[in-house]
S.K.: 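The following block contains the structure, expressed as structure tokens.
Note that these values count all heavy atoms, side chains included, but never hydrogens, waters or copies made by symmetry. Lettering of chains follows the sequences in order, A, B, ..., and the numbering in each one begins at 1.
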Protein chains: 2
Amino acid sequence: MNIGEIARRAGVSRSTVSYALSGKRPVSEDTRRKIQQVVDELGYQPSASARALANGRTSTLGLVFPPAGSHYTGMQLDFIGSVVEAAAAYDYDVLLSPSGVDSDRSFQRLLGERRVDGAILMEIRLEDDRVEHLATLDFPSVAIGRTARPESGWWVGLDHTALVERCVHHLADLGHRRVAFVNRPEQLLQTGYESAHRGLEGFTKAAAERGLTVRTYCCGDDAASGQTCVERILHDDPATTALVTLNEAALGGLYRGLAEAGRHVPRDFSVTGVVAGRWAETVTPQLTAADVPAAEMGRLAVDLLVERLDHPDAPPRHHLLTPPISLRASTGPAGTTPTADAAPDTTA
Amino acid sequence: MNIGEIARRAGVSRSTVSYALSGKRPVSEDTRRKIQQVVDELGYQPSASARALANGRTSTLGLVFPPAGSHYTGMQLDFIGSVVEAAAAYDYDVLLSPSGVDSDRSFQRLLGERRVDGAILMEIRLEDDRVEHLATLDFPSVAIGRTARPESGWWVGLDHTALVERCVHHLADLGHRRVAFVNRPEQLLQTGYESAHRGLEGFTKAAAERGLTVRTYCCGDDAASGQTCVERILHDDPATTALVTLNEAALGGLYRGLAEAGRHVPRDFSVTGVVAGRWAETVTPQLTAADVPAAEMGRLAVDLLVERLDHPDAPPRHHLLTPPISLRASTGPAGTTPTADAAPDTTA
DNA sequence: GGGGTGAGTCGAACCGGTTCGGCGAAGCTA
DNA sequence: TAGCTTCGCCGAACCGGTTCGACTCACCCC
């Protein structure tokens, strides 16, 4: 069922069928109806490969995310979902590519074999060879996250620095003086993972401004690591009364660690951070946090990419988001005797 | 940088370049080296579109999952991740298509425009028009989940019936007599969502065998719904001492509802179900559950699909998984006075 | 009535690969 | 040395669309 078959049955030439379907040249109403009828009868749909070859566009966007290896966070899931849906609204398909670095085979395929018209990159590092590579190639792409030199690029990012600062100020306002920071895994920090660095930066800065006593920790992306991390925190400084975290996946473990140490949240210990809203509402007490608007970010990234594809010479654009902190139930005033062990809990 | 360019620079014909690269016909060692050198210099990679057009294969698999609308569960995320990785190992890319039903435009594109060589379907319903459509077309596909008539198809599924039965028997063995079942949202049950139906079936069957008093509930895929659901359960039958759930996303809410009702898990109330291991370990106390091996299922689905693509006439195959229940900390013997309100908790 | 105009259609070239048939040279046998 | 095979390579056709230039015809106007 190719275009030649349609042409033959409609008694016209292949080019006429093409023009009738694309509307790029006028076709008489009669022939157009005849062609449409044949197309409907046979359920003809033009081959994506042939069309891509002919006009050089694949109508496909690449979504580059790090290889799972272990596990994804909920945030990443929301990104993927929203990107796919937003792309569908523009009639683009989405091709997934698990590539952490520029040299990955999957990444090379995406670009070298011209499988996609543009790409969205996730899990950006401050020095990201993928971003730079695409920039030098002038390949249409949008990053979810920003590198150390964001001015010239297309991206949508979260202002982790500001968000974590706000968390710290929130805690300081509540009277907390000894606060811990629970970051993403050490390996991510070392490879220059953006949110880990900027979050840490915001934490350090705000803590200095408020004269807080702080410690910072890296923590694996799972509950067990979270629990261990709390144990370390309370071991290193039992007078700690609050923590700020970027680590969604460890959150449940952090809560468990606190509970096992006899610290009641929020009476004895406050917890806050930057976490997707869905997760913040899953834990008990619900987490006071800057809710990561992952779905919105995915949508914005697609918007930007499509704009860039439609206007190849448009100047770079970006969106830096700073969602407000949602006050829930995991933070409270610092106790008067922060080092005291928690008393048995008799609240309902 | 097309194949003609390579041919010219290497002083051979286009077909020779093609054969040199594919190895489908012998090429002298000299010319092969010469060609390889030019290819390396220019960093040539053949166009995926052209290749797809020529040999009729796209080297792409479609992954069809329901439109997010609201949100995805952690399980789905794990599927997606493992499918992409497994596909990459076979040199296939993965194209995402958000389609709940056969008539979705995205789904039509995938098939009609021949964008993919095969498809993996998620979120299967007992009567699934997508599965049937693909079957009548003899289009290579593998379902993650099985329909009401699974014998003739290619699929990898979880034996929800058996798993939920085991959960019920586990609770019955512990002495629980009044048990609730927390299913996925009502809308999914009504549309014939497989796991919801088979899980419910297993629950009903095992409860009858053990002579338990049971109630079944549908629950939205979020924490707030979980909390509400527990309130309903305890309102409908305050003597309920345990629940079984399929609803990962509501789990945190279920725990919160129990805590607010003063029921301590596992002393006053036992919780179990079918949930991805990562989630089971996030809640406190950790959930005794049949861990959904999402990553393994994704991998197996790709294995099956690739096998089907390589051997178009191979007879249908499938994998029905029945992972063991992981005993964690959320279930315990039924209390002697199950209706009593929980006493203040003084355990460490 | 001749020439210009524009609508509608066609044929051919092209996108960038793959693959088939055949051809010339070299090597081997008789 | 003629004849046959084998090896290595080439040219051309093909996959299924898009697009450009040109052609035909009807119509209109001076």
S.K.: Could you tell me whether the phosphate oxygens of C:dT9, OP1 or OP2, come under 4.0 Å of any side-chain nitrogen or oxygen in A:Ser28?
M.R.: yes
S.K.: Report the nucleotide, chosen from C:dG17, C:dC10, D:dG17, that has the shortest atom-to-atom distance to any side-chain atom of B:Pro46.
M.R.: C:dG17
S.K.: Report the distance from atom CZ of A:Arg14 to atom C1' of C:dC14, rounded to the nearest whole Å.
M.R.: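 After rounding, the reported distance stands at 11 Å.
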S.K.: Choose from D:dC10, D:dC20, D:dG16 the nucleotide whose nearest atom is closest to any side-chain atom of A:Ala54.
M.R.: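 Nearest nucleotide to the side chain: D:dG16.
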S.K.: Whole-Å distance between C:dT18 C1' and B:Lys24 NZ?
M.R.: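 Computing the B:Lys24:NZ to C:dT18:C1' distance gives 7 Å.
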S.K.: In whole angstroms, how far is the P atom of C:dG17 from the CE atom of B:Met1?
M.R.: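 Taking atom P of C:dG17 as the reference, CE of B:Met1 is at 12 Å.
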S.K.: With respect to the side chain of B:Pro26, which nucleotide from D:dG17, D:dG8, C:dT9 is positioned closest?
M.R.: D:dG8
S.K.: Are B:Tyr90 and B:Asp303 close enough that a side-chain donor and a side-chain acceptor fall under 3.5 Å?
M.R.: yes
S.K.: Just how far is it from atom CD1 of B:Ile35 to atom CD1 of B:Ile6, taken to the nearest 0.5 Å?
M.R.: 9.5 Å
S.K.: Between the side chains of B:Thr58 and B:Asp117, does any donor sit under 3.5 Å from an acceptor?
M.R.: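 Yes, side-chain donor-acceptor contact under 3.5 Å.
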S.K.: Check if the side chain of B:Ser15 and the base of D:dG11 share a donor-acceptor pair of N or O atoms closer than 3.5 Å.
M.R.: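 Answer is yes: a donor-acceptor pair is held.
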S.K.: Using whole Å, report how far CZ of A:Arg115 lies from C1' of C:dG16.
M.R.: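 Atom-to-atom, A:Arg115 to C:dG16, this comes out as 14 Å.
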S.K.: Ignoring hydrogens and angles, state whether a donor on the side chain of B:Ser18 or B:Ser15 is under 3.5 Å from an acceptor on the partner side chain.
M.R.: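 There is no such pair (donor and acceptor under 3.5 Å, judged by atom type) between the side chains of B:Ser18 and B:Ser15.
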S.K.: Among the candidates C:dG17, C:dT19, D:dG17, find the nucleotide nearest to the side-chain atoms of B:Arg114.
M.R.: D:dG17
S.K.: Which nucleotide wins on minimum distance to the side chain of B:Arg25, given the candidates C:dC10, C:dT19, C:dG21?
M.R.: C:dG21
S.K.: Could you tell me how far apart A:Arg57 (CZ) and D:dG16 (P) are, to the nearest whole angstrom?
M.R.: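 In whole Å, D:dG16 P lies 22 Å from A:Arg57 CZ.
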S.K.: Remember a base hit wins even if backbone is also touched, and classify B:Ser22 as base, sugar-phosphate or nothing at under 4.0 Å, heavy atoms.
M.R.: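 Touches nothing.
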S.K.: Among the nucleotides D:dT18, C:dG11, C:dG17, which one has an atom lying closest to any side-chain atom of A:Arg51?
M.R.: D:dT18
S.K.: Return the minimal non-hydrogen interatomic distance between A:Ile124 and A:Ala143, and the atom names on each side.
M.R.: CD1-CB, 3.7 Å
S.K.: Starting at the 5' end of DNA chain D, which residue's closest nucleotide do you reach first, B:Glu29 or A:Asn55?
M.R.: B:Glu29
S.K.: Atom CG of B:Asn2 and atom C1' of C:dG16: how far apart are they, to the nearest Å?
M.R.: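 The distance from CG of B:Asn2 to C1' of C:dG16 comes to 6 Å, rounded to the nearest Å.
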S.K.: Round to a whole Å and report the spacing from OH of B:Tyr19 to C1' of D:dC7.
M.R.: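 To the nearest whole Å, that distance equals 14 Å.
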S.K.: Nearest to the side chain of A:Ser13 - D:dG16, C:dC10, C:dG16?
M.R.: C:dC10
S.K.: Given atom CG of A:Leu53 and atom C1' of C:dT18, what is their separation to the nearest angstrom?
M.R.: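 Rounded to the whole Å, the gap is 12 Å.
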S.K.: Among D:dT18, D:dC10, D:dG16, which is the nearest nucleotide to the side chain of A:Ala50?
M.R.: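 From the listed options, D:dG16 comes nearest.
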S.K.: Reading DNA chain D from 5' onward, which residue's closest nucleotide shows up sooner: A:Tyr44 or B:Val12?
M.R.: B:Val12
